[in-house]
Amino acid sequence: MNRYVKFIIPGVLLLVLGIWLFFFASPSVYTDEKLNGKNTLEEIINTYGNPDYSKTIMLSHDYPLYEYQGGLAEYCPTDGSSRKVVELTFKKRNHRVMKIWYEQNDDNTITVLDNLEWDSDKVQF
C-alpha cells in the first residue's frame, strides 16, 4: 500500500495542476485575425453592435501609442505625415474590452488595421 501512495499523491497533484492551468491560463489578450480586412463599418456594427466609444487618432511618429495600441506602430507614416485612424471601443460581457482601429477609404468602405480584445480584470494597460 505504501508504494502506491508514492505514485498516487504526485499523480493527483499533477491532475489538479493540469485542471488549474486549463481554467486559469487561457489567453487574456487576443486578436481576431478574421476581423482585419473587413471593409465596411456596417459589417462591424452587425457583428459587434454599436461601439461604446469612438475617437479619432492622428497616427504619426509623434503620437504616443499606449501598450494596447502597439499593433498600430507599423502603420505610422515614415515621411513625417500623419494618418487619420478611428478607434472603436466595445465593452463586452465578463469585463472584456475590444478595440478596433480602422481607416476610412471613402464614404462606404474602410480598412481595419488592427484589433485587440482583453479581459480588463486580468490585464491592465
query: When rounded to the nearest 0.5 angstrom, what distance separates CG in Asn115 from OH in Tyr48?
result: 6.5 Å

statement: CD1 (Ile57) and OH (Tyr75) are apart, to the nearest 0.5 Å, by 13.5 Å

Over all atoms of both residues, closest heavy-atom pair of Tyr102 and Leu41: OH-CD2, 3.7 Å

- request: For Gln69, enumerate each residue passing the side chain to side chain donor-acceptor pair (under 3.5 Å) test, keeping only those at least two apart in sequence or located in another chain.
  value: Glu87

message: Show, in sequence, the C-alpha distance, side-chain angles and deciding distance for Thr40 and Asn108, and conclude whether the side chain to side chain contact (heavy atoms under 4.5 Å, CB included) test is met.
response: CA-CA 6 Å; Thr40 67; Asn108 297 321; 5.8 Å; no

statement: Applied to residues 52-64, the side-chain hydrogen bond (donor to acceptor under 3.5 Å, both in side chains) test, sequence neighbours excluded, yields none

field: side chain to side chain donor-acceptor pair (under 3.5 Å) partners for Thr109, two or more places apart
entry: Asp106

- request: Kindly indicate whether the side chain of Phe90, heavy atoms from C-beta on, has any atom under 4.5 Å from the side chain of Ile100.
  value: yes

message: I need the Glu103 CD to Arg83 CZ distance, nearest 0.5 Å.
response: 4.0 Å

message: In terms of relative ring orientation, are Trp101 and Tyr68 parallel, tilted or perpendicular, with 30° and 60° separating the classes?
response: parallel

Glu42 atom CD: more than 12 heavy-atom contacts under 6.0 Å: no

message: For the CG atom of Asp114 and the CG atom of Leu72, what is their distance to the nearest 0.5 Å?
response: 5.5 Å

Basic-acidic side-chain contact under 4.0 Å: Lys99, Glu117: no

query: Rounded to the nearest 0.5 Å, what separation is found between the OG1 atom of Thr47 and the CD1 atom of Ile45?
result: 10.0 Å

query: Roughly how far, to the nearest 0.5 Å, is the OG atom of Ser81 from the CG atom of Leu59?
result: 9.5 Å

message: Between Leu65 and Leu116, is there shared hydrophobic-cluster membership here, with clusters defined by ILVMFWY side-chain heavy atoms closer than 4.5 Å?
response: yes

